[in-house]
Amino acid sequence: MKIALVGIGKIALDQHVPALMDSPDWTLAATVSRSGRVPGVPGYGDIDAMLAAHPDVGAVSLCLPPVPRFAAAEAVLRAGRHLMLEKPPGATLSEVHALQAMARGVSLYATWHSRMAHEVAAARDWLAGRRVLGGHITWREDIRHWHPGQDWILEAGGMGVFDPGINALSILTAILPRPVHLMAAELDLPANRQAPIAARLTLSQGITADLDFRQAGPQSWDIDLRTDAGTLALRMGGNLLEIDGRPVEGRDSIMQEYPALYARMAALVRQGASEVDLAPMVLVADAFTLGRRNIVAPFDF
Ligand code: NAP
């Protein structure tokens with residue numbers, strides 16, 4: 001099946017293009033980007049021009065930041081093509097609901113790449129039937145290393161530290177046996193920015209989260225949970241698993257996440273199905289609704 005990629009930036013070049021080049025299901029047939037190109041693949045500056053020139057492209061994958069994504073998503077669905085969305089699936093929940101209503105007769109896949117990490121399914125299986133008594137998420141990374149110069153992340157709609165933090169919430173909402181909800185939040189807003197650079201969350205089931213974009217030195221992408229029958233820890237963004245403090249499985253690599261997303265997209269298209277789970281984004285929206293704001297030091301890249 002032929003697919004087009006829109007927004008040839010960091011994640012497109014790091015993950016989507018290599019995943020598509022090796023995919024048994026997909027051929028990368030076109031790209032849309034104002035500046036990015038993939039050698040050997042026809043590139044367009046405008047999505048409508050690409051859709052008109054490539055009626056044979058059945059699916060489009062959007063790697064744009066969330067704010068400019070909706071207009072492109074609408075254009076894809078209006079043209080009757082299948083649509084795959086990077087996380088978070090939109091800038092707002094109502095936007096994604098609108099896309100769901102438009103996606104009639106085509107597949108809509110709101111991806112969560114961290115759910116494809118090696119040990120997420122094993123963690124979900126281990127937790128099934130256990131009662132979660134409490135836990136903690138530590139998601140601390142260096143924005144300057146992972147998002148160099150990406151000012152959009154700290155603008156309105158960029159979600160700030162929730163851009164990586166939503167990955168932790170996507171794992172949490174996939175592995176817990178019972179749904180979780182937000183009870184309190186504290187957001188640290190740099191004086192010169194619109195989105196939080198750090199956040200602390202209190203969730204139901206005794207779970208707390210510490211999200212920080214200013215982590216120099218060792219980076220942390222950990223979820224620790226206590227249950228009525230042992231403890232579980234996911235490290236390295238869901239790729240390593242520990243049960244009762246002992247490593248059991250895993251591979252310290254995220255390179256299988258995007259191939260798995262494209263395999264899932266192919267399966268959805270073949271089944272005529274869609275997959276849109278907004279649970280992680282609901283928690284983020286609730287943190288923006290309920291969270292107390294602290295103004296902190298200005299941040300510049
Ligand atoms: P990025 O490199 O800053 O942006 C991706 C592309 O989007 C850019 O190359 C740019 O292409 C286009 N773009 C940016 N702003 C735009 C605007 N206002 N209007 C139209 N096009 C615009 O961002 P990224 O890191 O790849 O992230 C994109 C998405 O992937 C985000 O939702 C992010 O959460 C997700 N993601 C990122 C990572 C990561 O490690 N970076 C990991 C997983 C998921 P042109 O300027 O060439 O048009």
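Both ligands and their constituent atoms are indexed starting at 1 by order of listing.
- The shell of residues lying under 4.0 angstrom from ligand 1, judged by heavy atoms, excludes Trp112.
- Residue-ligand proximity, Tyr258 to ligand 1, at heavy-atom distances under 4.0 Å covers atoms 43 (C), 44 (C).
- Surrounding CE of Met21 are more than 12 heavy atoms belonging to other residues, nucleotides or ligands, all under 6.0 Å away.
- Under 4.0 angstrom from ligand 1, there are no non-hydrogen atoms of Phe162.
- Thr231 places no side-chain N or O within donor-acceptor distance of the main-chain N or O of Leu225, the cut-off being under 3.5 Å.
- To the nearest 0.5 Å, the span separating CG on Leu234 from CH2 on Trp221 amounts to 14.5 Å.
- Distance from atom 34 (O) of ligand 1 to its nearest protein heavy atom, with residue and atom name: Asp163 OD1, 2.5 Å.
- Listed by number with element, the atoms of ligand 1 under 4.0 Å from a non-hydrogen atom of Ser35 are 45 (P), 46 (O), 47 (O).
- On a distance-only criterion, Pro65 and ligand 1 share no N/O pair closer than 3.5 Å.
- Near His147, meaning under 4.0 Å from any of its heavy atoms, are these atoms of ligand 1: 39 (C), 41 (N).
- Among all protein heavy atoms, the one lying closest to atom 47 (O) of ligand 1 is Ser33 OG, 2.4 Å.
- For atom 35 (C) of ligand 1, the closest non-hydrogen atom of the protein is Lys87 O, 3.6 Å.
- Residue Lys10 has at least one heavy-atom neighbour below 4.0 Å for each of these atoms of ligand 1: 2 (O), 25 (O), 26 (O), 41 (N).
- Between Ser170 atom OG and Leu283 atom CG the span is 10.5 Å, to the nearest 0.5 Å.
- For atom 8 (C) of ligand 1, the closest non-hydrogen atom on the protein side is Gly9 CA, 3.9 Å.
- In this structure, atom 10 (C) of ligand 1 lies nearest to the protein heavy atom Arg34 NH2, 4.1 Å.
- At a heavy-atom distance under 4.0 Å, only side-chain atoms of Pro68, from C-beta outward, approach ligand 1.
- In this structure, the side chains of His181 and Asp286 stay at 4.5 Å or more apart for every pair of heavy atoms.
- Of all protein heavy atoms, the one lying nearest to atom 1 (P) of ligand 1 is Gln150 NE2, 3.6 Å.
- Taking the charged nitrogens against the carboxylate oxygens, Arg81 and Asp56 have no contact shorter than 4.0 Å, which rules out a salt bridge.
- Of the protein's non-hydrogen atoms, Ile11 N, 2.8 Å is the one closest to atom 26 (O) of ligand 1.
- Every atom of ligand 1 is numbered from 1 in the order shown, and the set under 4.0 Å from a heavy atom of Gly36 is 47 (O).
- At a heavy-atom cutoff of 4.0 Å, ligand 1 is contacted by the backbone of Ile8 but not by its side chain.
- Using a 4.0 Å cut-off to heavy atoms of Pro66, the atoms of ligand 1 that qualify are 32 (O).
- Crowding of Arg37 atom CZ: a count of heavy atoms from other residues, nucleotides or ligands under 6.0 Å exceeding 12.
- Close to ligand 1: Arg69, with a non-hydrogen atom less than 4.0 angstrom away.
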Show your reasoning for whether ring pair (Phe, Tyr, Trp, His ring centres under 6.0 Å) applies to His147 and Phe301. CA-CA 9 Å; His147 301 279; Phe301 282 99; 8.6 Å; no
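- In terms of modelled atom types and a separation under 3.5 Å, the side chain of Glu95 and the main chain of Ala98 share no donor-acceptor contact.
- Expressed to the nearest 0.5 Å, how far CG of Leu5 lies from CG of Leu20 amounts to 6.0 Å.
- Aromatic rings of Phe288 and Phe162 (six-membered ring for Trp) have centroids within the 6.0 Å cut-off, being under it.
- Side chains of Glu86 and His16: a donor on one and an acceptor on the other come within 3.5 Å.
- Protein heavy atom nearest atom 12 (C) of ligand 1, with residue, atom name and distance: Leu64 CD2, 3.6 Å.
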